[in-house]
Amino acid sequence: MTPLIGALPGVRKAIQQVAGTDATVLILGETGTGKELVARSLHAQSPRAREAFVPVNCGALPQSLVVAELFGFEAGAFTGAARRHAGRFEQANGGTLFLDEVGELTADAQVALLRALQERVVQLLGGCKPVPVDVRLIAATNCDLTAGVRERTFRADLFYRLNVFPIQLPALRDRRDDVPALAAHFLQHFAARHNKPANTISAPTLRKLAAYDWPGNARELQNVIERAVIVSEGDELVVDPAWLGAPPVETARTWAEQEKARIVAALRAAGGRVYGPGGAAHRLGLKPTTLYGKMRKHGITRDADWQ
């Protein structure tokens, strides 16, 4: 178990409780909090550990290809489909399928996923015969799926299927006491990887690291430590304060204000429309579900805030 998980007793206990079962797990947390690490730990401690662990970033899949990628397709199902393609469910058969950013799934993919969970079969595009699959599903999201259910951007029946055993991961800013141990772990790892001499972190540097808000969470800390290892010439790790940006509270506040202003401006320009060509999501280069999540985070309502 990695130090990132080991420093969280509640998360560690939850993993131990559910890893040996086939229950569906929903991992909740901000970007960079280690959701995939938790999923891999669940798989490693499960009876399926010797089988495949197949991770899928749902937000990175083109909307037009989501269903085909997840559930596969037969030869001739569409232009360019020259041969049968096994989807991620079939690839994970016997093992674990990890759906990261599950809140980004299209409506069609949500329906197909619900059927796969209920019936333990998948229907390939262009196919007539359901294909049985034996998969343990772990899902993760940084979105508020309950709000998505209220706004009908996420199916309620699918949410209840996924939310069998939720695990909440705290942001790094809420666990500052863990920063020194995590920094030391990353230092040891990257010093060995890059064959660098740095092996200590001074007390002033640790205080600076612990005081920073880490909007990118443990992933951002990892990147900062790796960069510091690369540039450090001696035994002591050198962290440039400029890498940590402005003071944490001000940085977070200013960034949040700027993002909210961009969203409000896009909604105003789109006349309040989120979907479709010229809609706010299109103007911002975001998926509608992603935009809804950001609107909820900033407390932007659809009826007044852009008037």
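- Counting heavy atoms from C-beta on, the side chains of Thr24 and Arg161 never come closer than 4.5 Å.
- Between Asp235 and Lys196, no side-chain nitrogen of the basic residue sits less than 4.0 Å from a carboxylate oxygen of the acidic one, so the salt-bridge criterion is not met.
- Between Ser202 and Lys208, the closest side-chain pair of non-hydrogen atoms is not below 4.5 Å.
- Checked for salt-bridge contact, Asp240 and Arg227 miss the test: no charged N lies under 4.0 Å from a carboxylate O.
- The closest donor-acceptor contact from the side chain of His43 to the backbone of Glu51 lies under 3.5 Å.
- Ring-plane geometry between Phe186 and Phe190 is classed as tilted, the angle between the planes lying from 30 to 60 degrees on a 0 to 90 degree scale.
- Within a 6.0 Å sphere centred on CD of Gln188, heavy atoms belonging to other residues, nucleotides or ligands number 12 at most.
- Judged purely by atom type and a 3.5 angstrom limit, Arg120 has no side-chain atom pairing as donor or acceptor with the backbone of Val133.
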Verdict with supporting geometry, Glu101 and Asn57, side chain to side chain donor-acceptor pair (under 3.5 Å): CA-CA 6 Å; Glu101 303 306 339; Asn57 186 331; over 6 Å; no
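- Taking the side chain as every heavy atom from C-beta outward, Val38 and Lys35 never approach each other to under 4.5 Å.
- Here the CD-CG distance, from Glu220 to Asn223, works out to 7.5 Å after rounding to the nearest 0.5 Å.
- Asn217 contributes a side-chain N or O that, together with a main-chain N or O of Leu172, makes up a donor-acceptor pair within less than 3.5 Å.
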Between Gln110 and Thr106, does the side chain to side chain donor-acceptor pair (under 3.5 Å) criterion hold? Intermediate values first, please. CA-CA 6 Å; Gln110 290 181 37; Thr106 63; over 6 Å; no
